[in-house]
Structures are given as C-alpha cells and as structure tokens.
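Below you'll find the structure, written out as structure tokens, and then a few comments.
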Amino acid sequence: MTTAPRTPYEALGGAETFRRITDRFYDLMESDPAYAQLRAMHAPDLAPMRSALASFLGGWAGGPREWFEANPGRCMFSVHADFPIDADTADQWAEAMERAIDDAEIENADLAAQLSQRLTTMARGMAKVPA
Ligand code: HEM
C-alpha cells in the first residue's frame, strides 16, 4: 500500500528538490546580469546562502526543521529588515526563484506553481515602501 505524501516538502520531492531549486537560484543570481543588483547585496561567497536557503525552504514546506532549530524565533522578515530591498530587487529575487523552480522540473506542477506564487508574495512583501 502506498501512502499519500503528507507535506508539501515530500510532495515536491524532499531535500533533493530544495537543494536543486536553491543551487539554480544562486547560479542564476551569479550569472545573469538581470540580477546584478540583487547579487551585489549578498556576500561574495554564496555557499553559506545555498545551505541556509535550502534548509529554510525545506523546513518551511514541512520538512526537517534544521534552519528553524538553529535560528530559534528568528523571523524571515526581520532577517531582511536591514537590507535595502526595493520593488526592483524584490522582483529580481521573485523572478530568479520562479525560474529556478521551473528549471527544477518538479513532477507535481500544481504544487510547484503554488510554491512559486507564495515565494513571490513573500519577496514582494519584503520590499520597503519608499518614504
Ligand atoms: C525580497 C528580496 C530578497 C532580497 C533582496 C534578499 C536578500 C538577502 C540578503 C542580502 C541576505 C544576506 C545574505 C548574505 O549574507 O550573503 C539574505 C539572507 C537570507 N534570505 Fe533573503 N532576500 C530576499 C528575499 C528572501 C525570501 C523571500 C526568502 C525566503 C523565502 C529569503 C531567505 C533568506 C535566508 C534563509 C537567508 C539566510 C538567513 C540566515 O540563515 O542567516 N530571502 N537575503
């Protein structure tokens, strides 16, 4: 008997999928000049981010909660509070993430589309409104 996947994390393909999305996301950020402004906000070495984002996204989607256990009570919006995120950089993040999710060729296309949409909403919510 097969059991239905219990979490979006499992339904999306588990750790391997989140690692694939994250690696593609930072590869795009490093190679496509359309994301130069976004790239410039990050540290020169993106290796720690590749791990942190994969771990955060996996836990957020219902998988292992390593990132949350390592960062008790840390809110993702507070993490970004000091970065000068405007509508352009938020859109760069959302677009690179949408492409990374598309390129990951996730079998469950509906869930992949929902993932994209929710992360876009989250990224846009991080943009500071100009004074
Ligand atoms: C809105 C556009 C966004 C921009 C411009 C942005 C930028 C950044 C920057 C500059 C850092 C620090 C990286 C470093 O030290 O090299 C960071 C950290 C991080 N960001 Fe974003 N980010 C955005 C949206 C998001 C979203 C929507 C998520 C999650 C869904 C996210 C997840 C993370 C994570 C997990 C970290 C690492 C936190 C840690 O473990 O210390 N970011 N972000």
Side-chain angles (χ1 to χ4, degrees):
M1 191 179 98
T2 42
T3 1
R6 281 164 303 152
T7 60
Y9 173 83
E10 288 165 357
L12 285 160
E16 203 268 325
T17 298
F18 286 91
R19 191 69 212 202
R20 210 159 66 231
I21 293 171
T22 306
D23 276 337
R24 180 69 181 140
F25 175 75
Y26 289 111
D27 287 348
L28 285 168
M29 196 195 283
E30 288 198 290
S31 63
D32 191 328
Y35 311 126
Q37 209 187 344
L38 179 62
R39 174 66 187 93
M41 288 170 69
H42 288 76
D45 181 7
L46 287 175
M49 279 305 304
R50 287 175 188 263
S51 297
L53 185 60
S55 179
F56 170 81
L57 290 177
W60 173 76
R65 300 192 50 83
E66 286 134 17
W67 189 90
F68 293 87
E69 279 154 17
N71 297 279
R74 200 151 171 234
C75 149
M76 198 35 72
F77 281 77
S78 315
V79 166
H80 293 82
D82 291 335
F83 298 128
I85 302 175
D86 60 13
D88 286 344
T89 40
D91 279 351
Q92 286 173 27
W93 196 102
E95 189 193 287
M97 181 51 76
E98 192 181 341
R99 285 175 65 189
I101 292 170
D102 277 354
D103 291 348
E105 295 180 345
I106 293 164
E107 215 177 291
N108 189 331
D110 280 352
L111 205 51
Q114 283 188 52
L115 178 66
S116 238
Q117 198 198 349
R118 274 151 210 240
L119 291 176
T120 293
T121 303
M122 214 190 282
R124 297 218 167 113
M126 285 176 186
K128 277 90 184 161
V129 180

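Just so you know, ligand 1 is whichever comes first in the structure, and atom 1 is the first atom listed for that ligand. What you are looking at is a predicted structure, and each value in this text was computed from that prediction instead of being measured.
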Under 3.5 Å: donor-acceptor pair, side chain of N71, backbone of W67: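 At least one qualifying donor-acceptor pair exists.
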message: Treating S55 as the side-chain partner and A52 as the backbone partner, does any N or O pair qualify as donor plus acceptor under 3.5 Å?
response: no
- request: Could you tell me whether R99 and D27 make a salt bridge, using a distance below 4.0 angstrom between a side-chain N and a carboxylate O?
  value: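 So R99 does not pair with D27 through a salt bridge.
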task: Check ring-ring contact (aromatic ring centres under 6.0 Å, His included) between Y9 and all other residues, then give those that pass, not counting sequence neighbours.
output: F18
- prompt: Which protein residues have a heavy atom under 4.0 Å from ligand 1?
  reply: L38, M41, H42, A43, M49, A52, L53, F56, L57, W67, R74, M76, V79, H80, F83, I85, A90, W93, L119, M122, A123, M126
message: Parallel, tilted or perpendicular: which one describes the rings of F83 and H80, with boundaries at 30° and 60°?
response: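 Aromatic pair F83/H80 classed perpendicular.
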message: Would you say the rings of F68 and W60 are close, in the sense that their centroids are separated by under 6.0 Å?
response: no
